[in-house]
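One structure is given here, and the rest of the page talks about it.
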Amino acid sequence: MSGTAQLPLDLVHRPALGREDFLVAPSNEVAVAWIDRWPDWPAPALALYGPPGCGKSHLCQVWRGLSGAVAAEAAVLDEQEPPEVLGAARACLLDGIGDRLSGRPGRERRLLHLYNLLAERGGHLLLTGRTAPARWELSLPDLQSRLGAAPAVELSRPDDALIEAVLVKLFADRQLQASPEVVHFLTARMERSFEAAREMVAALDESSLAGRRGITVPLAREVLARLEGTALTAEL
């Protein structure tokens, strides 16, 4: 096998999703404070919004661990009534629901019913979307008023300092050695999102193992070019 590339095993790396694993920075500190504040919310619902890769889904999983919430896809509201969705639960997570309501009156009706049912139980609903609920395309006035009264908290894209910290943590999670030079190189050139950071570290891990190479700036340059080429091809 000498001189040949090592075949990387197709193993799934499980990222840590606990509260202690979430890095707090100005881009997300208000949202983190709201999650920490649960169940002392002033309304039955809380909405988190922001661009892809800003950490909404991670925070949702943190809250789900705290609350024992049922997690449901938006499409479930096309098929099941809220009592079926909830069962005996008093908390529900609808990650991404704000981007999947337009032109779906059945989903709106069931979302309103879900909100009301949780309110009756003294429970809570966590919703997310790319934009604030005030900009969601809703046709039911009652749903508009309820979501309009709920706190809505924005998460912005992470800044350079947070991306650097995330990269360091992701490398450590995989027990990979990456120098500060590699981290600085990547931070200055890659997309500023948690998802991009996870994808980058996973690709570096695979390339390092396959080529039996250390994680260096030249390897980072190669992987970055490959990932950017893949993304460009996907857009065409």
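Treat the numbers as computed from the prediction; the structure is a model and nothing was measured. The figures here come from the full heavy-atom set of this structure, side chains too, leaving out hydrogens, waters and symmetry mates.
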Heavy atoms from other residues, nucleotides or ligands near CD of Glu29 exceed 12 (cutoff 6.0 Å): yes
Might you work through the side-chain hydrogen bond (donor to acceptor under 3.5 Å, both in side chains) test for Ser67 and Arg90, ending with a clear yes or no? CA-CA 8 Å; Ser67 64; Arg90 296 179 57 193; over 6 Å; no
Before accepting this row, confirm whether a basic side-chain N of the pair Glu191/Arg157 lies closer than 4.0 Å to the acidic partner's carboxylate O. yes
How are the rings of Trp41 and Trp63 set to each other: parallel, tilted or perpendicular (split at 30° and 60°)? parallel
Hydrophobic cluster membership, Ile97 vs Leu126, 4.5 Å side-chain cutoff: no
For atom CD of Glu137, is the number of surrounding heavy atoms from other residues, nucleotides or ligands below 6.0 Å larger than 12? no
Rounded to the nearest 0.5 Å, what's the gap from CZ on Arg174 to NZ on Lys169? Could you check? 11.0 Å
Compare every heavy atom of Cys54 with every heavy atom of Ser156, then report the nearest pair and how far apart it is. O-CB, 3.6 Å
Is the number of heavy atoms from other residues, nucleotides or ligands within 6.0 Å of CD (Glu73) greater than 12? no
List the steps and the verdict of side chain to side chain contact (heavy atoms under 4.5 Å, CB included) for Leu219 and Ser208. CA-CA 8 Å; Leu219 180 62; Ser208 174; 4.1 Å; yes
Euclidean distance, Thr128 OG1 relative to Asp95 CG, rounded to 0.5 Å: 3.5 Å
What distance do Leu138 atom CG and Arg104 atom CZ have between them, rounded to the nearest 0.5 Å? 14.5 Å
Same cluster or not: Leu118 versus Tyr115, using hydrophobic residues (I, L, V, M, F, W, Y) connected whenever any side-chain heavy atoms lie under 4.5 Å apart? yes
His58 versus Phe194: any side-chain heavy-atom pair under 4.5 Å? no
Can you confirm whether more than 12 heavy atoms, excluding those of Arg130, are under 6.0 Å from its CZ atom? no
Quick one: pull up CZ in Phe171 and CE in Met200 and give me the separation to the nearest 0.5 Å. 8.5 Å
Note, Leu117 side chain near Pro83 side chain (heavy atom, < 4.5 Å): yes
Under a single-linkage definition using a 4.5 Å side-chain heavy-atom cutoff for Ile, Leu, Val, Met, Phe, Trp and Tyr, are Val183 and Ile163 assigned to the same hydrophobic cluster? yes
Is a side-chain donor or acceptor of Arg135 paired with a backbone partner of Thr131 at a separation under 3.5 angstrom? no
Salt bridge Arg192-Asp160, side-chain N to carboxylate O under 4.0 Å: yes
Any salt bridge between Glu84 and Arg110, counting N to O under 4.0 Å? no
A quick test of your reading: do over 12 heavy atoms of other residues, nucleotides or ligands sit less than 6.0 Å from CZ of Arg37? yes
In short, Gly53 meets Pro158 closest at the heavy-atom pair O-CD, 4.1 Å
Of Leu204, Val223, Val201, which meets side chain to side chain contact (heavy atoms under 4.5 Å, CB included) against Leu186? Leu204
Where do Leu93 and Val70 land on the side chain to side chain contact (heavy atoms under 4.5 Å, CB included) test, with the steps shown first? CA-CA 6 Å; Leu93 165 64; Val70 170; over 6 Å; no
Side chain to side chain contact (heavy atoms under 4.5 Å, CB included) for Leu111 and Leu125? Distances and angles first, verdict last. CA-CA 10 Å; Leu111 178 55; Leu125 176 64; 4.0 Å; yes
Transitive ILVMFWY side-chain link Tyr49 to Leu59, under 4.5 Å: no
If you define the side chain from C-beta out and look only at heavy atoms, does anything of Leu114 sit under 4.5 Å from Cys92? yes
Might you point out which heavy atoms bring Leu227 and Ala203 nearest each other, and give the distance in Å? CD1-CB, 4.1 Å
With side chains defined as the heavy atoms from C-beta onward, is the minimum distance between Leu127 and Pro133 less than 4.5 Å? no
Inspect the contact between Arg213 and Glu222 and indicate whether a charged nitrogen and a carboxylate oxygen are less than 4.0 angstrom apart. yes
If Ile, Leu, Val, Met, Phe, Trp and Tyr residues are connected whenever their side-chain heavy atoms lie under 4.5 Å apart, and connections chain through other members, are Leu66 and Val24 in the same group? yes
Do you see a donor-acceptor pair shorter than 3.5 Å between the side chains of Ser179 and Glu181? yes
Heavy-atom closest pair (Ile215 atom, Ala178 atom, distance to 0.1 Å) is CG2-CB, 4.2 Å
Taking all non-hydrogen atoms of both residues into account, name the closest pair between Arg226 and Ser207 and its distance. NH2-OG, 3.0 Å
Partner set under side chain to side chain donor-acceptor pair (under 3.5 Å) for Arg107, not counting sequence neighbours: Asp78
For residues Pro52 and Ser193, report the shortest heavy-atom separation together with the two atoms involved. O-CB, 4.2 Å
Any chance you could measure Ser57, atom OG, to Arg64, atom CZ, to the nearest 0.5 Å? 12.0 Å
With rounding to the nearest 0.5 angstrom, report the CD to CH2 distance, Glu108 to Trp136. 11.0 Å
Would Leu94 and Leu77 count as a side chain to side chain contact (heavy atoms under 4.5 Å, CB included) here? Give the steps. CA-CA 10 Å; Leu94 289 172; Leu77 297 180; 4.3 Å; yes
Does the Asp159 side chain pair with the main chain of Leu162, one donor and one acceptor, at a distance under 3.5 Å? yes
